[in-house]
S.K.: 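Have a look at this one before I ask anything.
Note that ligands are numbered from 1 as they come in the structure, with each ligand's atoms numbered from 1 the same way.
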Amino acid sequence: MGVFDTVVLTAQYAVLLLIPYLILLGGYRVLAHPLRHYPGPPLARLSDVYGAFYAWNRNLYLRTYADHLNYGPVIRQGPNKLVFNSVAAVHDIYANDRVSKSLSYVAYTVNPGKTNVINTVNKPVHRVKRKLVGAVVTERSMRTFEPTMTEQIDIFIKLLLPSPQGSSNNVVNMSTRCRHLGMDIAGYLGFGYALKLQTDNENRFLLPGMNGGLWRLNIYMQYPSLRKLGYEIVEIALTFIKGKGFLSTLTKMIQARLAQDKDAHHDLYAFMADALDAPDGDKISLSEIWTEGISFLPAAGDTTSATLSALFFYLSRNAHCRRRLADEIRSTFASSDEIRGGAQLTSCRYLRACIDEALRMSPPVPGTLWRQQLPQDGDAPWVVDGHVIPPGTQVGVSHYALHHNEEYFPDPFSFKPERWLPADEVSKEPSAANRAAFVAFSLGARGCAGKAMAYLEVGLVSAKTLWYFDFEPASEYGALGRDTNEMGEFLLHDVFTSSHDGPYLTFTPRGDLWKELAGQGQ
Ligand code: HEM
């Protein structure tokens, strides 16, 4: 028998064995599995292909919202996956020391041998990484970094000035502008590196590259077995050879930084460099700094730009909110120079309410963050909102679905910043029920490390924009443009974080204030 015949025969036997195996496995998952009584889409009960398919389509979060409407507050969204839609579940899952990130995060790594602060499952290893990365985004560190951030924001504002020629060139795609700004700031904070996406074409290729990588990793996260196909190795090798990928740019950034003194910049590298020579236990390697950079740039750049784009979208569609916010900014500050981090900015309560409402409707991390009880978490039963979770089950709450749960947020598809303001003058805080159901930054030991930075950046950009400009939707894109989902919200494409397009806006300078901008260099 020739080689070809042997291969064909082996394949035939493999298929013959595979078919009964799949039938048995499917039968077990539907009829005998511990989660068999939970409702959910039929395909999801059989296979993680369900989650992978919608992750491929970048709309898994919208599917999860629809699944809750169809099947109720607790759904089986994979053979071993449950999604909850309640505040009680948020508490039991994310504010719980006896739970870990699920093993699906292992698939959320460029190189499974090297993990970073976001995808590390092991708790002691995570604590070391969180201490290092967390140090660069504390409020104190932000005060030192703020002048660099402000320089980039001033460039952003100046670029909004309409060109003297008029014409449709003056229609601004805010997603593009906000992503350039977000990544420029992240480049400086990560590695003191001037990516210059706002003003220069040279490095802009890295945005689609980064987005494609996040999309692929998100699919693997829903269906880790897909990763075993090893397709990404070929792609990573090709981008390195072409020298134009996100990863090769990251390498260039780190090499440039290594050539400088450790304290040349106030950046992530400066905080991590000491750990290169630290005693065992706290010591890290250079490749770990590289691995940290892979997640740091999108974590810091992509999320803030999604928030800003969504905020501009909702303000452009809600003229009364835009006017009220403009009044607040223009009456709080006496000049643009006064717009900086601190008590005055924090006193802008309507600004904070608008930001939180944009984050509620369009959370930049819109999907379900999977958690799991691992052997090292102990063997006491894990109870989530009254349900005892069988070992091996991945559990989570979908940010988007919870933020649109009418029990917590009545009229969830309407932009209502007022829901974040105190109900009366005596109470200074918005309703506790709203706060408890607000999970845009997640919570607990694995909650967002960069929350203070996010509010500072988004607050400064929106306040400065409204200081200098009035804006409205560009008429040719209509009130419901290509940036809108079927519920009339800003459309996010879920890649774990999110990609987006629009809103398309036109800007009118306020009085003569723009002359200050025209005088500034870039
Ligand atoms: C509005 C903007 C932002 C949102 C909505 C957001 C949201 C989140 C969420 C939901 C997580 C949890 C991810 C998970 O459990 O897998 C997270 C983690 C994280 N975020 Fe943010 N983020 C934002 C901005 C930032 C910024 C500006 C930074 C700055 C570097 C940052 C750094 C991180 C880090 C380091 C983690 C990992 C925390 C850990 O596991 O210890 N984020 N973020």
S.K.: May I ask you to identify, for Y94, whether its side chain, its backbone, both or neither come under 4.0 Å of ligand 1 on a heavy-atom basis?
M.R.: neither
S.K.: What protein heavy atom sits nearest atom 16 (O) of ligand 1, and how far off is it?
M.R.: Y105 OH, 2.6 Å
S.K.: Using only heavy-atom distances, determine whether the side chains of Y61 and S498 contain a donor-acceptor pair under 3.5 Å.
M.R.: no
S.K.: Please write down residue, atom name and distance for the protein heavy atom closest to atom 41 (O) of ligand 1.
M.R.: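 The closest one turns out to be H126 NE2, 2.6 Å.
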S.K.: What residue and atom, counting heavy atoms only, is the protein's closest point to atom 38 (C) of ligand 1, and at what distance?
M.R.: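 Going atom by atom, the protein heavy atom closest to atom 38 (C) of ligand 1 ends up being R130 NH1, 3.2 Å.
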S.K.: Closest non-hydrogen protein atom to atom 7 (C) of ligand 1, residue and atom name please, with distance?
M.R.: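 Looking only at protein heavy atoms, the one closest to atom 7 (C) of ligand 1 is A440 O, 3.4 Å.
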S.K.: In chain order, what residues pass the side chain to side chain contact (heavy atoms under 4.5 Å, CB included) check against F271, with sequence neighbours excluded?
M.R.: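 Per chain and number, F271 pairs via side chain to side chain contact (heavy atoms under 4.5 Å, CB included) with A135, V136, S141, H266.
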S.K.: Quick test: of every protein heavy atom, which one is nearest to atom 13 (C) of ligand 1, and how far off is it to 0.1 Å?
M.R.: L369 CD1, 4.0 Å
S.K.: Is the backbone N or O of A88 less than 3.5 Å from a side-chain atom of D385, with the two atoms forming a donor-acceptor pair by type?
M.R.: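 Side chain of D385 to backbone of A88, a donor-acceptor pair under 3.5 Å: no, none is there.
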S.K.: So, S336 and Y468: side-chain donor and acceptor under 3.5 Å apart, yes or no?
M.R.: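 There is such a pair (donor and acceptor under 3.5 Å, judged by atom type) between the side chains of S336 and Y468.
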S.K.: N203 versus F205: any side-chain heavy-atom pair under 4.5 Å?
M.R.: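 Touching, per the 4.5 Å side-chain cut-off.
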S.K.: Tell me, do M221 and L217 make a side-chain contact under 4.5 Å, heavy atoms counted?
M.R.: no
S.K.: Among F471, Y504, F415, F469, which residue meets the ring-ring contact (aromatic ring centres under 6.0 Å, His included) test with F312?
M.R.: F471
S.K.: Check whether H403 reaches the backbone of R360 with its side chain - one donor and one acceptor, N or O, closer than 3.5 Å.
M.R.: yes
S.K.: Under 4.0 Å from a heavy atom of H399: which atoms of ligand 1 are those, numbered in the order shown and with their elements?
M.R.: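 Listed by number with element: 10 (C).
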S.K.: Less than 4.0 Å is my threshold; does some heavy atom of G447 fall inside it relative to ligand 1?
M.R.: yes
S.K.: I need the atoms of ligand 1 closer than 4.0 Å to a non-hydrogen atom of P364, numbered in the order shown.
M.R.: 5 (C)
S.K.: Would you mind checking which non-hydrogen protein atom is closest to atom 15 (O) of ligand 1, with the distance to 0.1 Å?
M.R.: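 So the nearest neighbour among protein heavy atoms is R371 NH2, 2.9 Å.
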S.K.: If you measure every N/O of V117 against every N/O of ligand 1, is any gap under 3.5 Å?
M.R.: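 Yes - when backbone and side-chain N and O of V117 are compared with those of ligand 1, one distance drops under 3.5 Å.
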S.K.: Could you tell me whether the side chain of Y193 reaches within less than 4.5 Å of the side chain of L297, counting heavy atoms only?
M.R.: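 No, their side chains stay 4.5 Å or more apart.
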S.K.: Where is the nearest protein heavy atom to atom 12 (C) of ligand 1: which residue, which atom, and how far?
M.R.: R446 O, 3.7 Å
S.K.: If we only count heavy atoms from C-beta on, is the R371 to R446 side-chain gap below 4.5 Å?
M.R.: yes
S.K.: Using a cut-off of 2.8 Å, find all protein N, O or S atoms closer to atom 21 (Fe) of ligand 1 than that distance.
M.R.: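 Checking every protein N, O and S atom gives C448 SG.
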S.K.: Run the numbers for me: atoms of ligand 1, each under 4.0 Å from some heavy atom of V137, listed by number.
M.R.: 29 (C), 30 (C)
S.K.: Checking Y54 against Q77: is there a side-chain donor and acceptor pair closer than 3.5 Å?
M.R.: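 Their side chains do not contain a donor-acceptor pair, so the 3.5 Å distance test is not met.
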S.K.: I need the Y105 OH to S100 OG distance, nearest 0.5 Å.
M.R.: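 Going from the OH atom of Y105 to the OG atom of S100 covers 11.5 Å.
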S.K.: Counting each atom of ligand 1 from 1 as listed, which ones have a heavy atom of F296 under 4.0 Å away?
M.R.: 30 (C)
S.K.: Are side-chain heavy atoms of K262 and D274 found at a separation under 4.5 Å?
M.R.: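 A side-chain contact exists here, since the closest heavy-atom pair is under 4.5 Å.
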S.K.: Among T307, I185, I118, which one has a heavy atom closest to atom 1 (C) of ligand 1?
M.R.: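 Result: the heavy atom closest to atom 1 (C) of ligand 1 is in T307.
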S.K.: When you check the gap from the basic side-chain N to the acidic O, do R143 and E146 get nearer than 4.0 Å?
M.R.: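 So R143 does not pair with E146 through a salt bridge.
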S.K.: Within a distance under 4.0 Å of any heavy atom of F496, pick out the atoms of ligand 1 and give their elements.
M.R.: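 Within the 4.0 Å cut-off of F496, ligand 1 contributes 16 (O).
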S.K.: May I ask you to identify the nearest protein heavy atom to atom 14 (C) of ligand 1, giving residue, atom name and distance to one decimal place in Å?
M.R.: K101 NZ, 3.1 Å
